[in-house]
Visitor: 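Below you'll find the structure I mean.
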Amino acid sequence: MRDRDEPRLASPDTLGLWAFALGTFMGNLPDTGQVERAGLGTGVAVFLGGGAQLLAGLQEYRTRNVFGATSFTAFGLFWITIGVTDWLTGVHLLAPTDHVTLGCYLACWTVFAFILLGATPALNRALEITVFLSGVGLLAKTVGALGSLAVLTRAGAWLLIACATAAAYTAAAQFWNTVHRRNVLPLGEPARPDVGSHSRPPRPSH
C-alpha cells in the first residue's frame with residue numbers, strides 16, 4: 001500500500017538536470033572563445049536553462065525534495081536573469097553591465113553553489129561532481145570578471161562546460177535507472193535504505 005505521505009508525481013529531477021546542463025553549456029560556450037554569442041544562446045538561457053529549470057524546481061516542492069526545489073528554482077531564475085539582461089542590452093534598453101557588477105553577481109552564485117555542495121555527499125557522487133564543477137567554474141568567472149582577466153573567464157567557461165557534461169550524465173543515469181528499475185549507469189550513491197529517488201534524502205523515521 002502506498003504511504004499517504006509519498007509523492008504521487010514523477011520526479012522532476014531529470015528535466016531539471018537536463019535543463020541545467022543545456023543552459024550551462026550554451027550559456028558558457030561563447031566565453032570559451034570558440035563561437036560568437038548569438039540569439040539562440042539567449043533563447044536557450046531563458047526558456048530552457050531558465051524556464052524548464054524553474055518548472056522542475058516548483059514541481060520539486062510538491063515532491064518534498066528540498067535540494068531539487070532550491071537548486072533548480074534558483075538556477076532557473078539565474079538563467080532567466082542572464083538571458084533577459086542580455087536581450088535588453090542587445091536592443092539598447094539597458095546599459096551594458098560593468099565588470100564589477102557582473103563579478104559581484106557571480107560571486108553571490110559562487111557562494112550559493114558551495115552551499116549546495118555541502119549537501120551533495122548525502123545524495124550521490126555524480127551530483128557532487130556536478131555541483132563542485134559549478135562552484136569552481138563560477139569562482140573562476142567571478143575572479144575573471146572582477147579583475148578583467150579574460151584567461152580566468154575562459155577557464156571558468158570550460159569548467160562550467162565540464163559541469164554541464166556531468167549534469168547531462170547524471171540526468172541520463174537517473175532517467176535510465178528509474179525507467180529500467182536497475183542501475184544502468186552508476187551514480188555513486190551513499191549506502192542507505194532505498195528511498196525511491198536518486199536525489200532525495202532519506203525520509204526521517206517516526
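Small disclaimer: the values here were computed from a predicted structure and weren't measured.
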Visitor: Under 4.5 Å between any side-chain heavy atoms of Trp18 and Phe175, yes or no?
Guide: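 Counting from C-beta outward, Trp18 and Phe175 never come under 4.5 Å.
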Visitor: Going from CG on Leu55 to CZ on Phe72, what distance comes out if it is rounded to the nearest 0.5 angstrom?
Guide: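 The CG atom of Leu55 sits 11.5 Å away from the CZ atom of Phe72.
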Visitor: Applying the 4.5 Å side-chain criterion to the ILVMFWY set and letting contacts propagate, would Ile82 and Leu146 be lumped into a single cluster?
Guide: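 The answer is no; the residues belong to distinct hydrophobic clusters.
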Visitor: Take Tyr169 and Ile129 through the side-chain contact (heavy atoms from CB on, under 4.5 Å) test and state the conclusion after the steps.
Guide: CA-CA 11 Å; Tyr169 171 87; Ile129 292 170; over 6 Å; no
Visitor: For residues Gly76 and Gln53, report the shortest heavy-atom separation together with the two atoms involved.
Guide: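 Minimum heavy-atom separation between Gly76 and Gln53: CA-CB, 3.7 Å.
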Visitor: Going from CG on Asn124 to CD on Gln174, what distance comes out if it is rounded to the nearest 0.5 angstrom?
Guide: 6.0 Å
Visitor: Go through the side-chain N and O atoms of Asp98 and Thr101 and say whether any donor and acceptor fall under 3.5 Å apart.
Guide: yes
Visitor: Ser134 and Ala113: which non-hydrogen atoms are nearest, and at how many Å?
Guide: OG-CB, 4.1 Å
Visitor: Is a side-chain donor or acceptor of Glu60 paired with a backbone partner of Ala56 at a separation under 3.5 angstrom?
Guide: no
Visitor: Around atom NE2 of His92, are there more than 12 heavy atoms from other residues, nucleotides or ligands closer than 6.0 Å?
Guide: no
Visitor: So, does Thr130 use its side chain to make a donor-acceptor pair with the main chain of Ala126 at under 3.5 Å?
Guide: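 Looks like yes, one N/O pair under 3.5 Å.
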Visitor: Can any side-chain N or O of His99 pair as donor or acceptor with the backbone N or O of Ser148 at less than 3.5 Å?
Guide: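 Here the side-chain-to-backbone pair does not exist.
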Visitor: Side-chain contact, heavy-atom cut-off 4.5 Å: Thr153 with Leu149?
Guide: no
Visitor: Under 4.5 Å between side-chain heavy atoms, hopping through other hydrophobics if needed: is there a path connecting Leu40 to Leu29?
Guide: yes
Visitor: Does any donor atom in the side chain of Thr63 or Asn65 lie under 3.5 Å from an acceptor atom in the other side chain?
Guide: no
Visitor: When rounded to the nearest 0.5 angstrom, what is the spacing between CG in Leu185 and NE2 in His180?
Guide: 9.5 Å
Visitor: What do the steps show when you test Leu17 against Leu127 for side-chain contact (heavy atoms from CB on, under 4.5 Å), and what is the final call?
Guide: CA-CA 10 Å; Leu17 281 165; Leu127 199 58; 4.0 Å; yes
Visitor: Which value, rounded to the nearest 0.5 Å, describes the distance between Arg154 atom CZ and Asn28 atom CG?
Guide: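 Reported to 0.5 Å precision, the distance equals 13.0 Å.
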Visitor: Check whether more than 12 heavy atoms from other residues, nucleotides or ligands sit under 6.0 Å from atom CZ of Phe47, and answer yes or no.
Guide: no
Visitor: Are any of the side-chain heavy atoms of Ile161 and Thr24 separated by less than 4.5 Å?
Guide: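 They are not in side-chain contact.
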Visitor: I'd like to know whether the aromatic ring centres of Phe114 and Phe132 sit less than 6.0 Å apart in this structure.
Guide: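 Not under 6.0 Å, so no.
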Visitor: If every non-hydrogen atom of Pro190 is compared with every non-hydrogen atom of Pro121, which pair is closest and at what distance?
Guide: CG-O, 3.8 Å
Visitor: Ion pair present between Lys141 and Asp31, side-chain N to carboxylate O less than 4.0 angstrom?
Guide: yes
Visitor: Going only through I, L, V, M, F, W and Y residues with side-chain contacts under 4.5 Å, is there a path from Trp109 to Leu139?
Guide: no
Visitor: Can you tell me if Trp87 has over 12 outside heavy atoms packed within less than 6.0 Å of its CH2?
Guide: no
Visitor: Say you draw a straight line from CG of Leu159 to OG1 of Thr32; how long is it, rounded to the nearest 0.5 Å?
Guide: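 The OG1 atom of Thr32 is 12.0 Å from CG of Leu159, to the nearest 0.5 Å.
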Visitor: Looking at Leu58 and Thr73, what are the two nearest heavy atoms and their distance?
Guide: N-OG1, 3.8 Å
Visitor: If you apply the rule side-chain contact (heavy atoms from CB on, under 4.5 Å), what do you find for Thr85 with Thr89, and how did you get there?
Guide: CA-CA 6 Å; Thr85 301; Thr89 301; 4.1 Å; yes
Visitor: If you measure from CZ on Phe25 to OG1 on Thr165, what distance do you get to the nearest 0.5 Å?
Guide: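 Those atoms lie 7.5 Å apart.
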Visitor: Between Tyr105 and Phe78 (judged by ring centroids, cut-off 6.0 Å), do the two rings come close enough to count as a pair?
Guide: yes
Visitor: Side chains of Trp158 and Gln34: closer than 4.5 Å at any heavy-atom pair?
Guide: yes
Visitor: Honestly curious: do Leu116 and Leu123 fall in one hydrophobic cluster under the side-chain, below-4.5 Å linking rule?
Guide: yes
Visitor: I need the minimum non-hydrogen distance between Ser71 and Phe112, along with the two atoms involved.
Guide: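 Scanning both residues, the minimum pair turns out to be CA-CZ, 4.3 Å.
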Visitor: Under a single-linkage definition using a 4.5 Å side-chain heavy-atom cutoff for Ile, Leu, Val, Met, Phe, Trp and Tyr, are Leu54 and Val46 assigned to the same hydrophobic cluster?
Guide: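 The answer is yes; both residues are in one hydrophobic cluster.
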Visitor: Work out which heavy atom in Leu22 is nearest to a heavy atom in Val44; give both atom names and the distance.
Guide: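 Taking every non-hydrogen atom into account, O-CG1, 3.9 Å.
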Visitor: Start with the C-alpha gap between Leu102 and Leu106, add the side-chain angles, then the distance that decides, and say whether side-chain contact (heavy atoms from CB on, under 4.5 Å) holds.
Guide: CA-CA 6 Å; Leu102 177 61; Leu106 292 175; 4.0 Å; yes
Visitor: Under 4.5 Å between any side-chain heavy atoms of Glu128 and Leu117, yes or no?
Guide: yes
Visitor: For the residue pair Trp79 and Phe20, is the inter-centroid distance of their aromatic rings smaller than 6.0 Å?
Guide: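 No: the rings miss the under 6.0 Å criterion.
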